[in-house]
Q: 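This structure is in C-alpha cells; I'll ask about it shortly.
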Amino acid sequence: MPSLAMIVAAAGLAVPALAGGLALFTRQVERKVEAALPPEGIFIDVAGARLHVREQGEGPALLMIHGLGGHMAHFTYEVARQLSHHHRVITVDRPGSGYSNSRLGTAGGLREQAAALAELIDRMELEYPLVVGHSFGGAVALALALDYPERVAGLSLLAPLTHLPDDTPPAFRVLAMRSPLLRRLAAWTVATPGAIARGGAVLEQVFGPDPVPHDFSTRGGGLLGLRPGQFLAAAEDMQALAGQLPAYSSRYGELRMPVAVLFGRDDRILPWREHGEALACKVPHAVLEVVEGGHMLPIAQPDLTVQFIRAAAAR
C-alpha cells in the first residue's frame, strides 16, 4: 500500500504535468484558430496599442466598436457590408482584443481605449464620425464622446453598457477573478477547454432569446474567443470597469451630440431599463428604441440594426 508521502509526491508531480498538458492543448487550439481565421484588416499604430482595423465603403464615416470578449467580426458578420454601400465603415478590434495588441501591459480601461480610438480617428482622417458601440463597446463609445467630443458627430449605441452592474451576468462570471496571476494561469490552462465545454450554454445566454447562427463560430469569429489572449483582455476589461465607469456615468448630462440607443426587450446580459432607460434619463435628447430580441442584435438582427444606424446617421 502506498504511503502518504508517496501519494503527496505523486500529486506534486501530477499537477505540473496536468498544467503543462493543458497549456500545450491551449497553444495548439490557438494556432489552429488563427490559421482558420487570420486577420483581414490592416494594422495602425497608436499610443499604447497596435490596432487591427478594417475599412469598407465610401461616404460619411462610421467607427464601430465591439463588445466584451468580442472583435470586429461581430460587425463584419453582416452589418458593415450593408452600411458600406453608403458609408465609410471602420471596424476595429479594441486594444488587446481580436488581433489588436496593447503596449500598456493590459488592455487598459475605458479611458485608455477611448484615447487609442481618438488617435485612430485622427490617423485615418475620419472627419467627425458617427460612433457605433455594442455592449461594452457602448461604454467605450460614451467615454470617447465625453473625453473627445470634438471628434465625434454622434453616438449609435446597440445594447450598450452604461452603468456599473450590480452583478456580473452568469455568462461572464468566469472573467471576474481579481488576481492577474490567477487570470494568466487560468488563461493558459482551464479557460480554453472550459470555453469549449460550456460554449453552447454561454452562447444561448448571450444571444437568447434570439437563436445562435450556425456559422457564428467562423463567420462571426466565435472561435477567436478560445485564445488565451482573448480571455485575458476580456477579464482585464471587466476588472477596469469599477474604477472608471461610475465617473463616466455621472457625466452623461454633458453629452451634446445626437445619441441613439437600441435595446432588445429580452436582453439577458444588460437589462434595457438599467442601461438604456437610465442613460436616456440623463441625456434628455437621446432617442431610445426597444425592440423584440436579445443582446447580440448586430448578428442576430442585422437588417434591423442597419436600419437603426442609418437613421442615427441621418440625424
Q: Does R173 reach the main-chain N or O of T168 with its side chain, forming a donor-acceptor pair under 3.5 Å?
A: yes
Q: Is the backbone N or O of Y99 less than 3.5 Å from a side-chain atom of D93, with the two atoms forming a donor-acceptor pair by type?
A: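 A pair under 3.5 Å: yes.
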Q: Could you report the tightest heavy-atom contact between H285 and P258, atom names first, then the distance?
A: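 So the two residues come closest at CD2-CA, 4.3 Å.
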Q: With side chains defined as the heavy atoms from C-beta onward, is the minimum distance between P60 and R88 less than 4.5 Å?
A: no
Q: Using every non-hydrogen atom in the two residues, find where L146 and P149 come nearest and quote the distance to one decimal.
A: O-CD, 3.6 Å
Q: Under the salt bridge (charged side-chain N to carboxylate O under 4.0 Å, His left out) rule, collect the residues that match up with R54, sequence neighbours excluded.
A: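 R54 satisfies salt bridge (charged side-chain N to carboxylate O under 4.0 Å, His left out) with E40 once adjacent residues are dropped.
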Q: State, with a plain yes or no, whether a side-chain heavy atom of T189 is found less than 4.5 Å away from one of T26.
A: no
Q: How many angstroms lie between CG in L68 and CD1 in I269, if you round to the nearest 0.5 Å?
A: 9.5 Å
Q: Charged N to carboxylate O below 4.0 Å: is that the case for D45 and R123?
A: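 Here D45 does not pair with R123 in a salt bridge, since their nearest N and O are not under 4.0 Å apart.
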Q: With side chains defined as the heavy atoms from C-beta onward, is the minimum distance between H74 and F216 less than 4.5 Å?
A: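 Side chain of H74 against side chain of F216, heavy atoms only: contact under 4.5 Å found.
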Q: Tell me the closest heavy-atom pair linking S156 and F308, and the distance in Å.
A: OG-CE2, 3.4 Å
Q: Donor-acceptor check, side chain of Q205 to backbone of A171, threshold 3.5 angstrom: yes or no?
A: yes
Q: Between Q82 and V306, is there a donor-acceptor pair closer than 3.5 Å when you use the side chain of the first and the backbone of the second?
A: no
Q: Compare all side-chain heavy atoms of R315 with those of V287 and state whether any distance is below 4.5 angstrom.
A: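 When only atoms from C-beta onward are counted, V287 and R315 do touch, with a gap below 4.5 Å.
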Q: Strictly distance-based, threshold 3.5 Å: is any side-chain N or O of E55 a donor or acceptor partner for the main-chain N or O of V89?
A: no
Q: Report the distance from atom CD1 of I42 to atom NE2 of H52, rounding to the nearest 0.5 Å.
A: 8.5 Å
Q: Measure from the side-chain N and O atoms of H275 to the backbone N and O of P165, and report whether any donor-acceptor pair falls under 3.5 Å.
A: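 A pair under 3.5 Å: no.
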Q: Does atom CD of E58 have more than 12 heavy-atom neighbours from other groups under 6.0 Å away?
A: no
Q: May I ask you to decide if V261's main-chain N or O and E289's side chain share a donor-acceptor pair within less than 3.5 Å?
A: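 Side chain of E289 to backbone of V261, a donor-acceptor pair under 3.5 Å: no, none is there.
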Q: Could you pull out the closest heavy-atom pair between V92 and H66, with the gap in Å?
A: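 Reported closest heavy-atom pair: O-CD2, 3.2 Å.
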Q: Take V131 and L117 through the test side chain to side chain contact (heavy atoms under 4.5 Å, CB included) and record every step on the way to the result.
A: CA-CA 10 Å; V131 178; L117 294 176; over 6 Å; no
Q: Under the 3.5 angstrom rule, does the side chain of E292 hit a backbone N or O of R265 as a donor-acceptor pair?
A: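 Between the backbone of R265 and the side chain of E292 there is no qualifying donor-acceptor contact (under 3.5 Å).
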Q: R219: which residues meet the salt bridge (charged side-chain N to carboxylate O under 4.0 Å, His left out) condition with it, sequence neighbours left out?
A: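 R219 satisfies salt bridge (charged side-chain N to carboxylate O under 4.0 Å, His left out) with E78, D215 only.
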Q: H71 side chain to L224 main-chain N or O, any donor-acceptor pair under 3.5 Å?
A: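 Such a contact is absent between H71 side chain and L224 backbone.
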Q: Any side-chain heavy atom of D210 within less than 4.5 Å of one from M296?
A: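 A side-chain contact under 4.5 Å is absent here.
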Q: Within 45° of the ring axis of F75 and under 6.0 Å from its six-membered ring centre, is that where the NZ or CZ of R94 lies?
A: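 Not flagged: R94 not positioned over aromatic ring of F75.
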Q: Using the ring pair (Phe, Tyr, Trp, His ring centres under 6.0 Å) criterion, which residues pair with H163? Sequence neighbours excluded.
A: Y252
Q: So which atom in Y148 and which in A115 form the shortest heavy-atom distance, rounded to 0.1 Å?
A: OH-CB, 3.4 Å
Q: Within a strict 4.5 Å, meaning less than it, do heavy atoms of the S249 and K282 side chains meet?
A: yes
Q: Side chain of R183, backbone of M177: donor and acceptor closer than 3.5 Å?
A: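 Yes, because the side chain of R183 sits within donor-acceptor range (under 3.5 Å) of the backbone of M177.
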Q: Please indicate whether E34 has more than 12 foreign heavy atoms, meaning atoms of other residues, nucleotides or ligands, lying under 6.0 Å from its CD.
A: yes
Q: Heavy atoms only: give me the nearest G67-S135 pair and the separation to one decimal.
A: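 Smallest interatomic distance, heavy atoms only, reads CA-CB, 4.1 Å.
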